[in-house]
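One structure is given below, encoded as C-alpha cells.
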There are 2 protein chains.
Amino acid sequence: MVDETTEKPPLILEDFLPYRLNKAAEAISQRFAGLYRDQYGLTRPEWRTLATLGQFGVLTATAIGTHSSMHKTKVSRAVFALEQRYWLRRKRDEADRRIENLELTPAGRKVYADLAKVAHAFEAELLSNLGPHGEKELKAGLAALEAYFR
Amino acid sequence: MVDETTEKPPLILEDFLPYRLNKAAEAISQRFAGLYRDQYGLTRPEWRTLATLGQFGVLTATAIGTHSSMHKTKVSRAVFALEQRYWLRRKRDEADRRIENLELTPAGRKVYADLAKVAHAFEAELLSNLGPHGEKELKAGLAALEAYFR
DNA sequence: AATAGATCGTCACAATTGCAACTAAATTGA
DNA sequence: TCAATTTAGTTGCAATTGTGACGATCTATT
C-alpha cells in the first residue's frame, strides 16, 4: 500500500554532497572576497593571481592558471589589471622569448603581505567557530577529497 | 640573522581553507555537471532549478532562487528554458496573480527521477573513494560549517 | 637547415551573468 | 479609498567569462 502523502523526494539537496560543498565554498568565498574587494578593489581572479605570485615568487601566466585552475584569458586579464596598478611586472625570458616571468613589485608585495594577514585572520576566525572537532574533521575530510582527486 | 633562501611565503594557498574548499567544490561540481550536460543538455542553473522543483514539488521562482542561492534572473532564464522543453509548467496563482506556481511536468519528473539516480550513484562512488573515515569526517566538517553559517 | 607541430600570451567575438529599470499586482496606511 | 510602497517576474544593457583564431617563438623530425 502506497502512502502518497509521505512519499520521499528522490533527492534531498541538503544532503547531497556536491550541493553542500558548493554552498559552503561559495558562502566562504564571498565573505572573504568582500575583504579584498573593500580594502583593495581586487576581483577574484586578481586576488588569486596576486596570491599565487606572492606564494611562488616568479611564475609564468600559464603556471598561474594551472595552479589556480583559471582559464588563461582570465589570468591574462588579471595580470594586465595588476600591472596597471604597478603591483606586478613582467620580464621577458631571455632563453624562451614566448614566456613572461611575472613577479610582484614591492608595492604588490606589500598588498599581498597585508592580505595574507587578513586571510589568516579570516581563517582563524572561521576555525574558531567550528570548534576543535569541526576543524579537525573538516581538514581531514578535505584531505580525503584532495587525495581522491589527485 | 635572516636566511633569505628559506623564507616562508606569508600564505600557503594549499593550506588555506577557502581555497581548498573552493577547489574541491569546483572539481566535484564540474564532474557532476558533465553527467547532466551530456545526458540531458542541462546547464548548471537549469539542473539546480529542476532539482529544487523535483524535491519540493511546487514552488515560485523566487523560492527557487532563495533556496538554491541563484539570482532571480538566472532562475527566470532557467525556468524559461525548462518550460521550452516541456519539463516544467507555470500556473498563475489565483489568490496572488503576481505569483507563478512552478511544477515539473511528467516528462520533467522523469528526467529528474533519472538524474536523481545518477546523483546518488555519483555520490556513492565519491564516498566509497573517501573510505568510511573520510566520509564521516567530511560530513561532520561540512555540518560544522553549515551550523556556523546558519 | 627547413618544415611541421607545439606552446605562450593576446585579441575579437560569442555566450553567460548581473544590475537596474520596468510592468503588473498586492499591501499599507493616511 | 486611493496614493505610496512593496513584491514577483521579465527585459535591456553592461560587465564578465569562455572560445577560437592569431602572431610569435620554440622544439622535433628529417
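Here is how names work: the chains are called A, B, and so on, in the same order as the sequence lines, proteins then strands, and each is numbered from 1.
What separates CG of A/Asp93 from C1' of D/dA24 is a distance of 15 Å, to the nearest Å. The separation between A/Gln30 atom CD and C/dG18 atom P is 10 Å, rounded to whole Å. Rounded to whole Å, the distance from CZ on B/Arg92 to C1' on D/dT10 is 11 Å. Between B/Arg44 atom CZ and C/dT17 atom P the separation is 9 Å, expressed in whole Å. We find that CZ of B/Arg37 is positioned 12 Å from P of C/dT16, with the value rounded to whole Å. Remark: C1' of C/dA20 and NZ of B/Lys72 are 9 Å apart, rounded to the nearest angstrom. Put simply, NE2 on A/His71 is 17 Å from P on D/dT16, counting in whole angstrom units. A straight line from CD1 of A/Ile99 to C1' of D/dG23 spans 16 Å, rounded to a whole angstrom.
Among the protein residues, A/Ala95 comes within range of the sugar-phosphate backbone only, with heavy atoms under 4.0 Å from sugar or phosphate atoms but none that close to a base. Across all strands shown, B/Thr60 has heavy atoms under 4.0 Å from sugar-phosphate atoms exclusively, and none from any base. In this structure, A/Thr62 reaches the sugar-phosphate backbone alone: every heavy-atom distance under 4.0 Å involves primed, P, OP1 or OP2 atoms, never a base. Nucleic acid contact class of B/Lys74 (heavy atoms, under 4.0 Å, all strands): sugar-phosphate only. Nucleic acid contact for A/Arg90: sugar-phosphate only, since backbone atoms but no base atoms lie under 4.0 Å from a heavy atom of the residue.
A donor N or O paired with an acceptor N or O is not found under 3.5 Å between the base of D/dT25 and the side-chain atoms of A/Arg97. Side-chain atoms of B/Arg77 come within donor-acceptor range of the base of C/dG18, with a qualifying N/O pair under 3.5 Å.
Checked options A/Lys74, A/Arg85, A/Arg37, A/Arg77; the residue passing with A/Glu46 is A/Arg85 (criterion: salt bridge (Lys or Arg N to Asp or Glu O under 4.0 Å)).
Taking the six-membered ring wherever Trp is involved, the centroid distance between the rings of A/Tyr36 and A/Tyr112 does not fall below 6.0 Å. Aromatic rings from A/Trp47 and A/Tyr40 are positioned such that their centres are separated by 6.0 Å or more.
Ion pair B/Arg20/A/Glu146 flagged as a salt bridge, since at least one NZ, NE, NH1 or NH2 atom sits closer than 4.0 Å to an Asp/Glu carboxylate oxygen. Checked for salt-bridge contact, A/Glu83 and A/Arg89 miss the test: no charged N lies under 4.0 Å from a carboxylate O.
When each of A/Thr73 and A/Arg98 is assigned the nucleotide of DNA chain D bearing its nearest heavy atom, the one mapping closer to the 5' terminus is A/Thr73.
Within the 4.0 Å cut-off from OP1 or OP2 of C/dT10, at least one side-chain nitrogen or oxygen of A/Ser76 is found.
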